[in-house]
Amino acid sequence: MNDKATPPVLELANVTKTYQVKQGLFSAPRPLHALGGVSLRIHKKDVLGLVGESGCGKSTLAKVLLGLEAPTSGKVLVDGKEITRKERKLQARRIQPIFQDPYSSLNPRKSIEDIIALPLVAHRIGDAASRAGSVRRMLDLVGLPQRVLKGYPNQLSGGQRQRVAIARALVMNPEIVICDEPTSALDVSVQSQILNLLGDLREELGLTYLFISHNLAVVEHLATRVAVMYLGRVVEEAPAAELFAGPRHPYTQALLESVLTPDPNLSVPDTHLGASYPNPIAPPAGCHFHPRCAQVRDICKTTPPPHVTGPNGHVDCHLHTLPTT
Ligand code: SF4
């Protein structure tokens, strides 16, 4: 899908994000490593599916990419150029978000026209007439009738509201769209319509997506590559077809098994994983996944896993360096 000779349109180089968290009124703050050194490369028109359970760092990563949070260390590069704190406004123009919940992400007191035009107003782009033209074009693009312009979010269905959120993201003519669980608040019947719309828009506008989801089945619909996150780290990354045909990390294997359960929206069932998600303030020693891993070895309990690279991606797991028995 991508041309490896061209630089990635979006790159994260060893990005970390640490928060200081208090667990009680009188306790000293302790570090929570929300991102523990994430490196990712996304090429133009690629869809990188970023998958993992709640609390794995997916949303922190989205905030860093959108310039809403500064990384503690590491770099974010767009077209090979580092985005610094000063350039956040430029970053905001080139990278736009679509959030999970169209009910809460749209201001109920604003008309649909004002909501879609808001990014243009905030960035002082165009005059009133040109903004109105842009808004009308966006409605056509996302398949909404012009008559909704003067209406309000509460007059629309969930799917229509998400179309408004997509129109608002695209009105800035971004290169990269961060889709943060864009269908998980919608009825199943509407989810596939929104996924199809996102796929069509990618083709038509040459967009690049980072598609964040807890649900591998949703990611499979669109992704060209998949990165699997666990406790702030990417534990496996591969082309989508390769990862779905032969997942290499035991956590990815468990996520895929959960897709086969009757209700994949329930996230990852613990029956496959043996233990609940660990406290990120006190992660397990060695491989952070070891208390839940069905294939755990003694070395996994004490020694962090190696980063094993291949021609198309990587996996962080001792199984891929230990001699087979
Ligand atoms: Fe499981 Fe060990 Fe691999 Fe971690 S390193 S995923 S515990 S086998």
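Quick caveat: nothing in here was measured; it's all calculated off a predicted structure. Just so you know, ligand 1 is whichever comes first in the structure, and atom 1 is the first atom listed for that ligand.
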request  = Could I get the full list of side chain to side chain contact (heavy atoms under 4.5 Å, CB included) partners for A241, not counting sequence neighbours?
outcome  =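 A241 satisfies side chain to side chain contact (heavy atoms under 4.5 Å, CB included) with no residue once adjacent residues are dropped.
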inquiry  = Are L205 and L170 packed together at the side-chain level, in the sense that at least one heavy-atom pair is separated by less than 4.5 angstrom?
reply    =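 A side-chain contact under 4.5 Å exists here.
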task = Look at the side chain of N107 and the backbone N and O of R109, then say whether any donor-acceptor pair between them is shorter than 3.5 Å.
result =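 Yes, because the side chain of N107 sits within donor-acceptor range (under 3.5 Å) of the backbone of R109.
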task = Check whether any side-chain N or O of H123 sits under 3.5 Å from a backbone N or O of I125 as a donor-acceptor pair, and report yes or no.
result =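 Between the backbone of I125 and the side chain of H123 there is no qualifying donor-acceptor contact (under 3.5 Å).
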message = What I want to find out is whether K58 reaches D180 closely enough, with some N-O distance under 4.0 Å, to be called a salt bridge.
response =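 Judged by the 4.0 Å cut-off on N to carboxylate O distance, K58 and D180 do not form a salt bridge.
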query = atom 2 (Fe) of ligand 1: which protein N, O or S atoms are under 2.8 Å away?
reply =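 The answer, once waters are left aside, is C300 SG.
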For H249, atoms of ligand 1 separated by under 4.0 Å from a heavy atom =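 It comes down to these atoms of ligand 1: 6 (S).
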message = Between D140 and Q146, is there a side-chain donor-acceptor contact under 3.5 Å, judged purely by atom types and distance?
response =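 Yes, because at least one side-chain N or O of Q146 sits under 3.5 Å from a partner of the opposite role on D140.
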